[in-house]
Number of protein chains: 2
Amino acid sequence: MRSNNLISNITVNRLPLYYRMLDRLRMECVDGVSAESFGQLVGFKAGQIRKDLATFGDFGRQGFGYVVRELQANIGNILGFHRGWNIAIIGMGHLGGALASYRNFADLGFRLAAVFDADPGKIGQSPGNLLINSMDDLERVVQERDIHIGVITVPGHNAQAVADRLLAAGVKGIWNFAPAVLNVPSDVKLVNEDLSVGLCSLSYYLSH
Amino acid sequence: MRSNNLISNITVNRLPLYYRMLDRLRMECVDGVSAESFGQLVGFKAGQIRKDLATFGDFGRQGFGYVVRELQANIGNILGFHRGWNIAIIGMGHLGGALASYRNFADLGFRLAAVFDADPGKIGQSPGNLLINSMDDLERVVQERDIHIGVITVPGHNAQAVADRLLAAGVKGIWNFAPAVLNVPSDVKLVNEDLSVGLCSLSYYLSH
DNA sequence: TAGATTGTTAATCGATTAACAATC
DNA sequence: TAGATTGTTAATCGATTAACAATC
């Protein structure tokens with residue numbers, strides 16, 4: 001792994017796709033792959049694959065390509081999957097519930113360690129194997145269970161308040177599904193997952 | 001509205017955010033807004049706001065700014081919200097169910113017109129007010145209900161087959177939530193919504 | 001008019017692509 | 001060695017920003 005600094009978001013965001021495709025190749029018992037053929041699989045030019053990977057280290061072998069198993073492990077390490085991040089979901093509506101049951105995340109090493117809802121009727125219920133906590137206990141539970149990442153799936157008008165409480169309780173990363181522009185300090189990583197964008201984009205291109 | 005061609009994805013993708021912020025301003029009874037103050041609200045530079053909007057028309061008034069109501073209507077038209085797109089969700093798992101109940105989409109003019117699942121046990125059930133259709137009836141129902149956009153929320157290994165069937169039945173846009181790289185003809189608009197990317201991105205930045 | 005803010009141009013910045021020497 | 005493919009450089013392409021004349 002080379003440097004920590006100045007690697008663009010857009011580059012980092014391609015790595016999960018690479019990781020997943022390598023997983024598939026591994027399951028298909030493919031040992032090695034060239035930038036050329038890998039690029040065709042994921043839909044990018046070979047040069048971009050090489051450039052992306054070279055940003056993080058010398059993972060390839062001239063004349064051969066990349067060893068699937070090795071490259072996958074390296075990308076996993078770059079992405080920090082071995083860190084075992086604890087995540088909490090705030091807002092157990094339909095979307096929160098769906099994310100809570102999403103198996104892919106567990107496969108990548110994320111541990112769903114707590115879920116919360118404001119509705120007194122839901123507290124104590126258990127979708128999956130976690131009890132829904134009261135919002136009143138947010139700070140305490142977040143600290144006790146050492147939550148690193150907060151997933152916000154509450155209505156837009158509550159999102160900033162939830163974010164503020166999460167950050168005050170020590171959370172360092174926020175994955176925001178609420179339709180709201182959140183303000184967070186610069187040392188906090190905020191990822192906005194705006195589901196309407198994709199659908200609007202489809203509407204636009206179908207219209208033109 | 002100016003030209004149809006050559007407007008970048010990245011520009012179009014900012015419009016939904018603008019639209020939503022204008023909706024908020026409208027509800028707060030704000031009549032006009034300058035690029036400067038609007039930019040602060042959505043988190044972009046004023047020049048970018050002006051450039052984005054000028055791509056589609058002359059919506060502003062010198063010395064004043066933009067009329068909130070007017071600009072929102074214009075952006076809505078650009079994005080094609082008035083078209084009344086019919087959408088179908090294929091795969092009524094947790095995620096499909098969450099999307100089916102997402103009110104935001106209906107607010108933007110999208111109509112959920114059909115849902116499908118492969119599990120015989122689910123067929124005939126009704127989450128919301130739609131009966132779950134059998135996958136066997138996909139082509140027939142898609143054609144009968146004039147589905148424009150297919151939302152794929154099936155397991156990755158089924159996604160390509162579902163996409164192929166949707167396209168053969170006349171669908172022109174695909175919103176893909178399955179972790180799979182789909183191949184579609186160039187006249188079809190494909191939007192990939194890869195939920196793991198956001199979480200992986202958080203993991204990366206928390207690690208470095 | 002004077003003040004404010006647009007639409008647009010030119011300059012800057014960053015990302016992708018093509019090409020190739022290095023090397024397994 | 002000969003063939004293949006990497007890592008990297010330089011060229012191209014595209015997006016953002018700064019600046020300002022036009023104008024309400």
Side-chain angles (χ1 to χ4, degrees), chain A residues 1-18 21-22 25 30-72 74-75 78 197 201 204, chain B residues 1-18 21-22 25 30-72 74-75 78 197 201 204:
Chain A
M1 238 169 289
R2 206 153 289 174
S3 75
N4 285 352
N5 34 338
L6 299 173
I7 295 166
S8 83
N9 223 297
I10 201 166
T11 302
V12 171
N13 285 184
R14 279 189 292 265
L15 297 185
L17 173 60
Y18 296 172
M21 187 57 76
L22 289 164
L25 290 175
V30 178
D31 293 326
V33 69
S34 69
E36 189 61 50
S37 56
F38 191 71
Q40 266 159 19
L41 286 171
V42 294
F44 296 110
K45 293 238 156 65
Q48 177 142 77
I49 303 292
R50 290 201 296 275
K51 192 149 232 277
D52 282 349
L53 297 177
T55 306
F56 299 100
D58 289 4
F59 300 138
R61 303 184 187 178
Q62 273 104 333
F64 172 76
Y66 302 85
V67 177
V68 169
R69 225 167 229 293
E70 214 174 275
L71 183 58
Q72 193 195 15
N74 277 313
I75 292 180
I78 292 164
V197 170
S201 182
Y204 173 82
Chain B
M1 236 170 292
R2 207 154 291 174
S3 75
N4 286 352
N5 34 338
L6 301 173
I7 295 166
S8 83
N9 223 297
I10 201 166
T11 302
V12 171
N13 284 182
R14 279 189 292 265
L15 297 185
L17 173 59
Y18 296 172
M21 186 57 76
L22 289 165
L25 290 175
V30 177
D31 293 326
V33 69
S34 69
E36 189 63 51
S37 54
F38 191 72
Q40 267 159 20
L41 287 172
V42 293
F44 296 111
K45 294 239 156 65
Q48 177 140 78
I49 303 293
R50 290 202 295 276
K51 192 150 232 276
D52 281 349
L53 298 178
T55 307
F56 298 100
D58 290 3
F59 300 138
R61 302 184 188 179
Q62 273 104 332
F64 172 77
Y66 302 85
V67 177
V68 170
R69 222 167 232 292
E70 214 174 274
L71 182 59
Q72 193 196 17
N74 277 313
I75 293 180
I78 293 163
V197 170
S201 182
Y204 173 82

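We use all heavy atoms of the structure for the numbers below, so side chains are in, but hydrogens, waters and symmetry mates are not. A, B, ... follow the sequence lines: proteins, then strands. Residue 1 opens every chain. This is a predicted model, so every value here is computed, not measured.
- Checking dA18(C), dG7(C), dT16(C) against every side-chain atom of Ile10(A), the shortest atom distance belongs to dT16(C).
- OP1 and OP2 of dT6(C) both lie 4.0 Å or more from every side-chain N or O belonging to Arg61(B).
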Output field dot_bracket for DNA chain D (Watson-Crick or G-U, both distances under 3.5 Å, | for other-strand pairs) contains ..||||||||||||||||||||||
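- Phosphate contact (OP1/OP2 of dA15(C), side-chain N/O of Thr11(A), threshold under 4.0 Å): absent.
- With dT8(D), dT5(C), dA18(D) as the choices, the nucleotide that has an atom nearest any side-chain atom of Ala54(A) turns out to be dT8(D).
- Using a 4.0 Å cut-off, no side-chain N or O of Gln62(B) falls inside it from OP1 or OP2 of dA22(D).
- Take the nearest nucleotide of DNA chain C for Gly47(B) and for Gly47(A): the residue whose nucleotide is more 5' is Gly47(B).
- The side chain of Arg50(B) contributes an N or O atom lying less than 4.0 Å from OP1 or OP2 of dT6(C).
- Among the heavy atoms of the strands, none lies under 4.0 Å from Ala46(B).
- Applying the 4.0 Å criterion to OP1 and OP2 of dT16(D), one finds that Arg14(B) has a side-chain N or O inside that range.
- Remark: Gly63(B) in residues 63-72 of chain B come within less than 4.0 Å of DNA chain D through at least one heavy atom.
- Nucleotides of DNA chain D nearest to Ser8(B) and Val33(A) differ in position, and the one nearer the 5' end is that of Val33(A).
- Rounding to whole angstrom units, CZ of residue Phe44(B) and P of dA18(D) are separated by 15 Å.
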